[in-house]
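Below: the structure, in structure tokens.
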Amino acid sequence: MNRDKVFIYWDNSNIFYEAQRFAEDRDEGPDARWRVRINFDNMLRLAHADRVVEKAVAVGSVPPEMEQLWNRMENRGVEVRLFDRGSADRGEQEMPDRILQLQMLEDGFDHNGDPGIVVLLTGDGAGYYKGAGFHRTIERLHRRGWMVEILSWRHACNKRMREWAEKEGVFIALDDYYEAITFMAPSAPGHELAAARRSGTLDLSRRKTS
């Protein structure tokens with residue numbers, strides 16, 4: 001097993017929308033839900049934890065305000081796959097999830113003789129009892145020798161998937177790194193005044209790895 005190489009799979013919608021919910025519960029000033037942003041560089045580093053990245057894939061939607069983020073990801077070597085949020089065949093988040101799961105299985109097949117470490121950024125464990133979804137996918141990969149690490153917000157991670165990760169792999173609560181992996185934009189014109197916040201320093205000393 002190549003324990004030094006990680007394969008990152010990032011469900012951006014799940015991570016970002018749940019960050020909005022988390023920010024809403026923090027003392028971040030007015031309109032925190034709409035001002036919170038993900039610090040991509042720190043989130044990516046939290047995912048790979050200074051190990052070699054063999055592959056990184058992110059799925060998300062295509063609103064114009066996200067273009068800068070997608071460009072930044074691609075410039076860091078992340079393969080970005082975008083979907084129209086309003087597409088009739090998208091089934092809300094179903095299509096991006098399935099594409100990311102398919103990519104995970106394809107990579108597992110291609111590297112069958114030399115499995116590495118799957119780092120999955122999502123809390124979505126739906127579909128388990130139907131034999132589908134992220135939880136079933138990571139179980140399949142784990143049975144073939146892959147190590148698994150899940151990064152998710154505590155409040156948003158499927159309970160069964162989290163318990164599985166804590167027993168069979170590694171679970172990383174994004175809550176513990178909130179100050180470093182997010183920043184706050186200033187309030188928009190016409191809204192209650194709120195100051196910006198920069199991201200803190202990312203400390204990986206407590207970050208468990210496979």
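Side-chain atoms are counted along with the backbone in the values below, which use heavy atoms only and exclude waters and symmetry mates.
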- Task: Calculate, to the nearest 0.5 Å, the distance between atoms CD and CG belonging to Glu179 and Asn39 respectively.
- Result: 12.0 Å
- Task: Kindly determine whether Ile150 and Phe134 satisfy side-chain contact (heavy atoms from CB on, under 4.5 Å), including the steps that lead there.
- Result: CA-CA 10 Å; Ile150 295 178; Phe134 285 112; over 6 Å; no
- About how many Å separate CG of Asp97 and CG of Asp124, when rounded to the nearest 0.5 Å? 5.0 Å
- Joint hydrophobic cluster, Ile181 plus Ile38, side-chain heavy atoms closer than 4.5 Å: yes
- Would you find a donor on one side and an acceptor on the other, under 3.5 Å apart, between the side chain of Asn14 and the backbone of Thr122? no
- Message: Between Tyr9 and Asp107, is there a side-chain donor-acceptor contact under 3.5 Å, judged purely by atom types and distance?
- Response: yes
- Message: Can you confirm whether Leu100 sits close enough to Val57 that some side-chain heavy atom of one is under 4.5 Å from a side-chain heavy atom of the other?
- Response: yes
- Message: Whether the Thr182 and Arg197 side chains hold a donor-acceptor pair (N or O, under 3.5 Å, no angle test) is what I'd like checked.
- Response: yes
- Message: Just verifying a value: how many Å separate Asp25 CG and Gln20 CD, rounded to the nearest 0.5 Å?
- Response: 12.5 Å
- Message: So Arg72 and Val78, do their side chains get closer than 4.5 Å, heavy atoms only?
- Response: no
- Item | Aromatic ring pairing His155/Phe22, orientation class (parallel under 30°, perpendicular over 60°, tilted between) | parallel
- Message: If hydrophobic clusters are built from ILVMFWY residues whose side chains come within less than 4.5 Å, do Val80 and Phe16 share one?
- Response: yes
- Message: Looking at Glu18 and Arg21, is there a salt bridge between them, counting it only when a charged N and a carboxylate O are closer than 4.0 Å?
- Response: yes
- Message: Please find the pair of heavy atoms, one from Leu193 and one from Ser187, that lie closest to each other, and give the distance.
- Response: CA-OG, 3.5 Å
- What are the two closest non-hydrogen atoms of Thr209 and Ala49, and how far apart are they? CG2-CB, 4.1 Å
- Taking the six-membered ring for Trp, are Tyr178 and Trp153 parallel (under 30°), tilted (30 to 60°) or perpendicular (over 60°)? perpendicular
- Item | Closest contact, heavy atoms only, Ser152 versus Cys157 | OG-CB, 3.4 Å
- Task: Is it possible for you to say whether Trp70 and Val53 belong to one hydrophobic cluster, with membership spreading through side-chain heavy-atom contacts below 4.5 Å?
- Result: yes
- What one should report as the nearest heavy-atom pair of Pro96 and Phe83 is CG-CD1, 3.7 Å
- Task: Determine, using the 4.5 Å side-chain heavy-atom cutoff (strictly less than), whether Leu204 and Leu151 are members of one ILVMFWY cluster.
- Result: yes
- Message: I'd like to know if the side chain of Arg37 and the backbone of Trp34 have a donor-acceptor N/O pair within less than 3.5 Å.
- Response: yes
- Query: Hey, is the main chain of Ala47 close enough, under 3.5 Å, to the side chain of Arg207 for a donor-acceptor pair?
  - Reply: yes
- Task: Please confirm whether the backbone N or O of His48 pairs with a side-chain atom of Arg51, one donor and one acceptor, at under 3.5 Å?
- Result: yes
- Message: Main chain of Ala195, side chain of Arg35: is a donor-acceptor contact present, judged purely on distance under 3.5 Å?
- Response: yes
- Query: Distance from Ile138 atom CD1 to Glu149 atom CD, nearest 0.5 Å?
  - Reply: 11.5 Å
- Geometric cation-pi criterion, Arg198 with Phe183: 6.0 Å, 45°: no
- dist Ile117:CD1 -> Ile8:CD1 (nearest 0.5 Å) comes out at 10.5 Å
- What are the two closest non-hydrogen atoms of Ser199 and Ala180, and how far apart are they? CB-O, 3.5 Å
- List the steps and the verdict of side-chain contact (heavy atoms from CB on, under 4.5 Å) for Arg206 and Tyr177. CA-CA 10 Å; Arg206 298 177 292 115; Tyr177 300 90; 4.2 Å; yes
- Item | Within 6.0 angstrom of Arg76 CZ, more than 12 heavy atoms from elsewhere | yes
- Query: Taking the six-membered ring for Trp, are Phe40 and Trp10 ring centroids under 6.0 Å apart?
  - Reply: yes
- How many angstroms lie between CD in Glu192 and CG in Asp31, if you round to the nearest 0.5 Å? 7.5 Å
- Any Lys/Arg nitrogen of Arg162 or Glu166 sitting under 4.0 Å from an Asp/Glu carboxylate oxygen of the other? yes
- Item | Worked check of side-chain contact (heavy atoms from CB on, under 4.5 Å) between Met43 and Leu174 | CA-CA 9 Å; Met43 183 71 84; Leu174 296 178; 4.0 Å; yes
- Message: Are Leu105 and Leu120 connected into the same hydrophobic cluster when the rule is that any two of I, L, V, M, F, W, Y join if their side-chain heavy atoms are below 4.5 Å apart?
- Response: no
- Task: For the pair Lys5 and His111, evaluate side-chain contact (heavy atoms from CB on, under 4.5 Å) and give the outcome as yes or no after the intermediate values.
- Result: CA-CA 11 Å; Lys5 291 187 178 181; His111 296 268; over 6 Å; no
- Task: Would you mind reporting whether Gln103 and Val59 have side-chain heavy atoms less than 4.5 Å apart?
- Result: no
- Specify the closest pair of heavy atoms between Leu141 and Met104, including all atoms of both residues, with the distance to one decimal. CD2-O, 3.8 Å
